[in-house]
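Throughout, protein chains are lettered first and strands after them, A, B, ... in sequence-line order, and every chain is numbered starting at 1.
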Number of protein chains: 2
Amino acid sequence: MTRARAATIEDVAREAGVSRAAVSKVIRNAYGVSPSMRDRVNAAIEALDYRPRVAARAMRGATFTLGIELPHIGNPFFTKIVAGATATLQGTEYQLIIAPADFDGEEGVRALGALADRQVDGIVAISPLVSPEWLERLAARVPVVMIGRHDRSAAYDTVTGDDTEGTRLAMEHLFELGHRRIVHLTRSEEVTQPGSGTPHAMRLEQYLASMRNAGFGDDIRVVRTGMTEESARLDTLALLDDEVPTAIFVGNDELALGTLRAIGEHGLSPADVSVVGYDDVDIASHPAISLTSVDQSGVAMGERAIRLLLERIAGRTEPVHFSVEPTLRVRGSTRPAAARHID
Amino acid sequence: MTRARAATIEDVAREAGVSRAAVSKVIRNAYGVSPSMRDRVNAAIEALDYRPRVAARAMRGATFTLGIELPHIGNPFFTKIVAGATATLQGTEYQLIIAPADFDGEEGVRALGALADRQVDGIVAISPLVSPEWLERLAARVPVVMIGRHDRSAAYDTVTGDDTEGTRLAMEHLFELGHRRIVHLTRSEEVTQPGSGTPHAMRLEQYLASMRNAGFGDDIRVVRTGMTEESARLDTLALLDDEVPTAIFVGNDELALGTLRAIGEHGLSPADVSVVGYDDVDIASHPAISLTSVDQSGVAMGERAIRLLLERIAGRTEPVHFSVEPTLRVRGSTRPAAARHID
DNA sequence: ATGAAAGCGCTAACAA
DNA sequence: TTGTTAGCGCTTTCAT
C-alpha cells in the first residue's frame, strides 16, 4: 500500500500565499500576525487538513507530550493515577502517553529511557527501582516527577502517599480489633530494601515498628510474594498451610485480592482471617469483597504530579515534595475469633 | 535549571573518528561496516552514553514506536489487551505507547490523531466511534489494526471477538436455566447503532434475536447506561425500582460489577437476579463475585493485533480479519426463583 | 507585519 | 568499506 503524503507547513504556506514562517507563527499563535493573514492561513490549514508533525517540532522546540511510566498496567491503582493525570490535562495542548513497563526494575528503566528518547516535555514515573543518580541524570534532560519515592533530590519533584502513617493506621485498626498475630504479606526483597524509600519498604518498616511498639515483636512474620494477584494467592495458600494468623496486612490491594481468594480456597472465611490492603482500589468497596484498605487517593496523586510537571516545564527550579494524607477505609475486618469468644 | 545537552550522532562520530553515516549504519546494524569500525563506534556510543533521538529518526524513517488507543483506561479488559500487546513486543525494537482517551467518541479520535501526529509506525485502536472513511484516511498514512470492529475495510486489519456467538452462548445459558424475563443492560444508543458493527451493537442485536427466537419477544427490555461501573449501578437501581427481572445480561463486566452492587443495595441477592457479563475480567472469577461471563481472551486479541501490525509494517497489503472464539465461563448464575419453586 | 534562511539530528543516495 | 551530501518539516533569528 502506498502511503499518502500528508500536507506540510510548506503546502499550507503555498496555499495561503504566505511564508512558512507566517504559518508557523499562526499555529503557535505567536506574536506579530495580522488578522487577515491569520484567517487566510487558518483557511488553508482547514482546506489541506494540515497537522504539524510532532517530530519536526521536536527538532527545534517542544513535543507537547507528557510521558508516564507505569509498572504493571494490571494494577488498578496505577489506573487511578492515570485518570487523575488525563483529567488534569484536559483542555491543555499536552497529550499524555503511557509507557507500560510490567515491572519496576530494569523494565521501568527501559520505559523511562524510551520516553526520554521520544523527547517528551516531561515525565511522571511510578517508583521504579532506580538509583537517585540515574534519576538525576534523567532529570537533567527533562522535567521529572516521581510518584511514591520517599527520597528527596533537588533534581526532581516527588508525590508520595504517607506510607508510614497509612501503615500505622492499618496496624492500629487491627490492634484495636484485638489482633496480634498479624502477618505482613509484601513484595520481594528487591522492592523493599530498607532505606530505599519505596512505598513497600516504608510499609514494611512501619509494620515492624508497629508490631514491636505494641509488644508483639515475637509475632512478626513477613511473607514475600510477587507483584500479581495470582502470586499472592499462591503464597498466601502456602502461608495458611503452615499457620493461620488472625490477620494479614497486605502490601497492596491487588495482592490482597489474591489473599482473599486463598483464604476462601483454604476453606476459611474473612471472619477467620482479617485482611487489610493498601490503595483502596475500586473493587475493595464492593460489598461482596468488602476489603478494608488504606486510601491514598491515586487520582489526587496523578493530578498533583501533572501540576508539578507543568510548573517545572513553565520554569520552576526549586524541588517540591508533595505528600497526600492516607485515610483508612474500614470494611470487612473483624475481631479475631479468640477475642470474639471472650465476648 | 539548565538542561543538559545529550550527545548526538555527530559527537559519536567525532569521538570514534569516523563519519556520521558510519555511526548511523552501526546503530541500525546496516550492511557494510567492518568489525573494527563497529567496535570503535560502539565504544564511543558507550563512552558518550549516546541514544539516538527518535524525533530525528522520524524525519527520515521509522520511530520504532507502536501506539495503542484506549477508551477508558479503567476497564480491566482493555488492560488485558495491553498486556498481550506488550508481551508480544518483548525483545523487539518497538516501544508501545498508550494514548488514553476516556471515551470512544470524539476523545478516541483525538487520541488517534495524537498518535498519528507523533508518527508512530503503527496503530492499534479499540473500537472508537469513527466512520470507516475516517479510518481509511488514517490507514492511508499509517498501518492500523482495529480491535472490536466488525466492519471490513481493505485499508485496515481487524481483530474481533465473535460478539454474536458470545451473546448467543450467554442467552442460551440463561434460557437453559429457565429464564425468560431477561433484561439487557447496555451502553448508550450512540455506541450501539444498529449496523454500526460495534461490539455492543452486535450484542444488542443478538440479544434481541435470541429473545425472539426463544419466543420471549414480549419480555425484551433494553436498559441504557454509561460506560462506568457507577453509572451501571445507578441505572440498575432505577431498573429494580421499576421491575425485578429474573436475569440481566450486561454489556460488559465493568458494568456488570455495578449491576451486582445495585442488586445487593436493593436488598436482593445474586440468587434472585442472575447476572451474566462480558469480557471475563479477572475479578469475575473471584469466588466472592462469581460472575458468569463471556471470555473473549483480551490477551490473545492484543497479541494478535500486534502481530498483524508488524506484518503490515513488514509490507503486507491484503487485509486480515481475525476473529477469536468466545467461551462462556459459568459461575454464579442460577435458575430463576420461580423455576426453583417448581422443582 | 512579513519573509529569507539557517539549522535541529538523523538517514539514505551516491561517490570515492 | 567508508565518507560526502542532500534533505526530512519544522522554529527562530534577523532582515526587510
Below 4.0 angstrom from OP1 or OP2 of [N], is there any side-chain N or O of [X]?
X: A/Tyr31; N: C/dT2; result: no
X: A/Arg57; N: D/dC10; result: no
X: A/Ser24; N: D/dT11; result: yes

For atom [atom1] of [X] and atom [atom2] of [N], their distance in whole Å:
X: B/Arg51; N: C/dC10; atom1: CZ; atom2: P; result: 12 Å
X: B/Arg53; N: D/dC10; atom1: CZ; atom2: C1'; result: 16 Å
X: A/Asp117; N: C/dC10; atom1: CG; atom2: P; result: 10 Å
X: A/Arg118; N: C/dG9; atom1: CZ; atom2: C1'; result: 16 Å
X: A/Lys25; N: C/dA4; atom1: NZ; atom2: P; result: 12 Å
X: B/Arg38; N: D/dT1; atom1: CZ; atom2: C1'; result: 12 Å
X: B/Arg28; N: C/dC10; atom1: CZ; atom2: C1'; result: 9 Å
X: B/Gln119; N: D/dC8; atom1: CD; atom2: P; result: 13 Å

Give [X] one of three labels, base, sugar-phosphate or nothing, depending on what nucleic acid heavy atoms sit under 4.0 Å from its own.
X: B/Gly61; answer: nothing
X: B/Ala21; answer: base
X: A/Thr8; answer: sugar-phosphate

Using the side-chain heavy atoms of [X], tell me which of these nucleotides is nearest: [options].
X: B/Ile9; options: C/dT11, D/dG9, C/dA5; result: C/dT11
X: A/Arg60; options: C/dT11, D/dT11, D/dG3; result: D/dT11
X: B/Ser34; options: D/dT1, D/dG9, C/dC10; result: D/dT1
X: A/Arg20; options: C/dG7, D/dG7, D/dG9; result: C/dG7
X: A/Met37; options: D/dT2, C/dG9, C/dT2; result: C/dT2
X: A/Ile27; options: D/dT11, C/dT11, C/dG9; result: D/dT11
X: B/Met59; options: D/dC10, C/dG3, C/dG9; result: C/dG9

Exercise. Can you name the one residue among A/Arg304, A/Arg316, A/Arg152, A/Arg307 that meets side-chain hydrogen bond (donor to acceptor under 3.5 Å, both in side chains) with A/Asp157?
Worked result: A/Arg316
Exercise. Is there side-chain contact between A/Glu136 and A/Tyr156, with at least one heavy-atom pair below 4.5 Å?
Worked result: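 A side-chain contact exists here, since the closest heavy-atom pair is under 4.5 Å.
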Exercise. Do B/Gln95 and A/Asp117 come close enough that some side-chain heavy atom pair is under 4.5 Å?
Worked result: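 No, every pair of side-chain atoms sits at 4.5 Å or beyond.
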Exercise. Is the backbone N or O of B/Asp39 less than 3.5 Å from a side-chain atom of B/Asn42, with the two atoms forming a donor-acceptor pair by type?
Worked result: no
Problem set entry | Spatial distance of atom CG (B/Leu112) from atom CD (B/Glu107) [nearest 0.5 Å] | 11.5 Å
Problem set entry | Test side chain to side chain donor-acceptor pair (under 3.5 Å) applied to B/Arg118 and A/Thr65, step by step | CA-CA 9 Å; B/Arg118 278 154 190 78; A/Thr65 309; 2.7 Å; yes
